[in-house]
Amino acid sequence: RAVCRAVVLYSFRTLVGEDIPLNDGCLKPIEIVIPDGTFLSPRPGGPGGGAAVVAGNTEVSQMTTNALLAALDAC
């Protein structure tokens with residue numbers, strides 16, 4: 001969830017066109033929905049279940065940023 005919040009913050013800061021504060025307040029008007037059990041919010045591991053997760057701060061954050069900017073027609 002932290003990586004997703006960082007992606008949203010970064011993406012929208014690039015679109016604003018002026019400096020905005022790097023704090024949680026600038027995300028107040030944005031609802032971030034990350035459904036459990038998805039690629040960005042996998043279920044915890046354990047016997048018979050869970051997902052293997054690695055590189056959340058590198059490849060995943062870069063591709064998530066690309067996807068968000070593309071969805072906003074900003075790429």
Side-chain angles (χ1 to χ4, degrees):
R1 295 195 184 275
V3 170
C4 290
R5 290 181 62 79
V7 165
V8 171
L9 177 60
Y10 169 80
S11 298
F12 282 95
R13 287 187 78 227
T14 63
L15 298 174
V16 169
E18 61 184 63
D19 288 339
I20 58 174
L22 269 175
N23 61 37
D24 202 44
C26 63
L27 290 177
K28 280 187 179 184
I30 300 171
E31 179 183 4
I32 301 172
V33 178
I34 311 165
D36 289 334
T38 61
F39 178 74
L40 296 174
S41 183
R43 290 188 171 83
V53 178
V54 69
N57 288 324
T58 52
E59 291 88 353
V60 172
S61 62
Q62 292 170 3
M63 292 308 295
T64 305
T65 301
N66 290 345
L68 178 56
L69 291 173
L72 296 170
D73 199 23
C75 279

From I20 CD1 over to L9 CG, what is the distance, rounded to the nearest 0.5 angstrom?
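One gets 6.5 Å once the value is rounded to the nearest 0.5 Å.
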
Do T64 and V3 come close enough that some side-chain heavy atom pair is under 4.5 Å?
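The answer is no, as the side chains (C-beta and beyond) never meet within the 4.5 Å cut-off.
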
Taking the side chain as every heavy atom from C-beta outward, state whether L27 and F12 have any pair of such atoms under 4.5 Å apart.
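No; the side chains remain at least 4.5 Å from each other.
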
Say whether V60 and L68 are linked into one hydrophobic cluster, either directly or through other cluster members, by side-chain heavy-atom distances under 4.5 angstrom.
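Yes, one cluster joins them.
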
V16-I30 co-clustered via ILVMFWY side chain contacts under 4.5 Å:
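Cluster IDs for V16 and I30 differ.
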
Among residues at least two apart in sequence or on other chains, which ones pass side chain to side chain donor-acceptor pair (under 3.5 Å) with R13?
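Testing R13 for side chain to side chain donor-acceptor pair (under 3.5 Å), a comparison that skips the adjacent residues, returns none.
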
Please give me the minimum heavy-atom distance between S61 and V7, naming the atom from each residue.
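Distance-wise, the nearest heavy atoms are O-CG2, 3.6 Å.
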
Acceptor/donor pairs from residues 32-42 side chains to any protein atom, 3.5 angstrom cut, sequence neighbours excluded:
{"residue": "D36", "atom": "OD1", "partner": "R1", "partner atom": "NH2", "Å": "2.7"}
{"residue": "D36", "atom": "OD1", "partner": "S41", "partner atom": "OG", "Å": "3.3"}
{"residue": "T38", "atom": "OG1", "partner": "P35", "partner atom": "O", "Å": "2.7"}
{"residue": "T38", "atom": "OG1", "partner": "S41", "partner atom": "N", "Å": "3.4"}
{"residue": "S41", "atom": "OG", "partner": "R1", "partner atom": "NH2", "Å": "3.4"}

